[in-house]
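Remember, it's a predicted structure, so these values are computed and weren't measured experimentally. Proteins get letters first, then strands, A, B, ... in listed order; numbering begins at 1 in each.
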Amino acid sequence: MKKTLTLCMCVLILSCAGGQPAPDWKMRGYRHLEEYKQSFLSGKEDAAEPHFEKARRAFAAGNDLEWLSLAFLTQFALHTACLERFDTAPFARLYRLAPTASHMAYCHFLKGNLSAVDPALLDNRYADFLKAAQAADSPRAVLALQNIDDPLSRLIAAGVWIRYLPGNEAISQMAIDTAAANGWRRPLWAHLSALSVHYESQGETEKGRLVKERLELIKQQYNKAGRREAAGAD
Amino acid sequence: MPISREFKVGLFVACTAAIIAVSLAALAMGKGLFETVHTFTLSSKSGDGFTEGMPVVFSGFNIGVVHGLELSDEGLVLIRIRIPHRHVKWIRSGSSFVLYRPLIGAARIVVNTDNLSSPALSENVIPEVTVVNDINDAIARIEPMLDRLTKIADNVERLTRTLADPRGDLHKTLGHAEKITSNLAGKKSVLEMAVSDEESIHAVHEALRKLDDIMARLDGLLAKTDAQLYNPEGALPQVNAILKDVLQKLQKLDKTIDNINRISADTSEGMKDFRILRSDIDDAVAAIDNLVQKLDGVVGSKKMPELKTP
């Protein structure tokens, strides 16, 4: 019994020591990128940018072009989730030096070049959505979006649809619900605004007006709360 | 031995005769009676103006005379001049001879010698005399003047004739002047005479009267403006009051600016502290980072993180 216990302890210790320890810069960069994602989505623009900057510096310090590319792709994906434009120039420079096919496929996906995307190179979770999007089949896309478990991935896919394909109420609504469920202010405001524009373009001005009013109210409340917070901090 | 009276008389007569003879000889010597005289021959196309005994002059001094005039075979007048030996040095081969006939005074032959070192004039050479005639020159100059005077006299005559003419311009002008003065005497004003239209004159008078009215109104307006500007409740006192107020406010603002200066100075002082504070915060963050890493090490979660696109 004593021997068995000693053996188990040894196995446990060895298994703990078995994993390759991550370098500090990598850990630091990873942490900053995660912070960047959270700050960006929750609309803390002032906090988001420094984190991205630090992540980039960490990956640059580690001479890791692949992780640098991933950092930029993450930034592009977040912009897509919030229906914003982005400049792919820094990624293009990195791609010339460290070409990775899957990165380019993801970049094409985010830019809406859906026909250029090879489904085999894109992450599996987007497979159904990609097929639906390539066929511009909105009911199928709604189903595919429902099947994406990761809320951020769902929001990104919805963003791709709304930016580059004909507007769809159900997809917008799903994006709004996803952003609201996670408290992500930036994509929430963007999708609410897009939905009101969609309603107005469809001639449903009343619905559009209501969505707009709702957005304005939310913004007002948020800004008041922000000011109170700021006053309290002073 | 006593000298006899006869001897004394004889001596006196002899001495007197000797003194007279010596005096005559000296006089003849002085007058050049025994001097050699050179004779030169000059020629001229005309003998007009030449006379025997005419002086020959060099630099204003008489050096000789015209001794004789005769006609040569070629029809030229030959003038013989006699120059005493002491003056012959002025006559050189380069000398020129001029017959000078001044407007006033006697004619004379003038010798001009530019180069006194040139050889002496041979008595066989016959130089030509040029003529300078002041009288003729003067007459030649006066002639055009006389022509002009004649023309002037003609013009004056024509003028007097025109003035005297009853149908002439002067008479017409005088007639017009008379008409104008009589007109002026008949009309009420210069304006009437100038315009010579009753209605226009009335209009001008009307306009002047209106101008008077306008001036009167303008006076009133200016008086009112004065009152509005300068009376105690007028614009100017108010502007003054405003300016005073602005001045006071500016003085107050000076204080505020001083305060702002002080505050900015304090702030810049404080910024130094900020830098220290910032480094403190960095230190604290670094310390926490180290702690987290150590904790990671202890907990053992320091595995390679997997970075994926979201």
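- For residues 42-79 of chain A, a heavy-atom distance under 4.5 Å to chain B picks out Phe59(A), Trp67(A), Leu70(A), Leu73(A), Thr74(A), Ala77(A), given by residue number.
- Other residues, nucleotides and ligands place more than 12 heavy atoms under 6.0 Å from the CG atom of Asn115(B).
- Taking Asn124(A) as the reference, nothing meets the side chain to side chain donor-acceptor pair (under 3.5 Å) condition, with sequence neighbours excluded.
- Taking non-hydrogen atoms and a 4.5 Å limit, the residue list of residues 185-193 of chain A in contact with chain B is empty.
- Taking OG1 from Thr309(B) and CG from Leu122(A), the interatomic distance works out to 7.5 Å, rounded to the nearest 0.5 Å.
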Tabulate below the donor-acceptor pairs under 3.5 Å that side-chain atoms of residues 97-114 of chain A make, not counting sequence neighbours, or state none.
unit_1	atom_1	unit_2	atom_2	d
Tyr106(A)	OH	Pro310(B)	O	2.5
His108(A)	ND1	Asn113(A)	ND2	3.2

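- With a 4.5 Å cut-off on side-chain heavy atoms, Arg31(A) and Asp289(B) count as touching.
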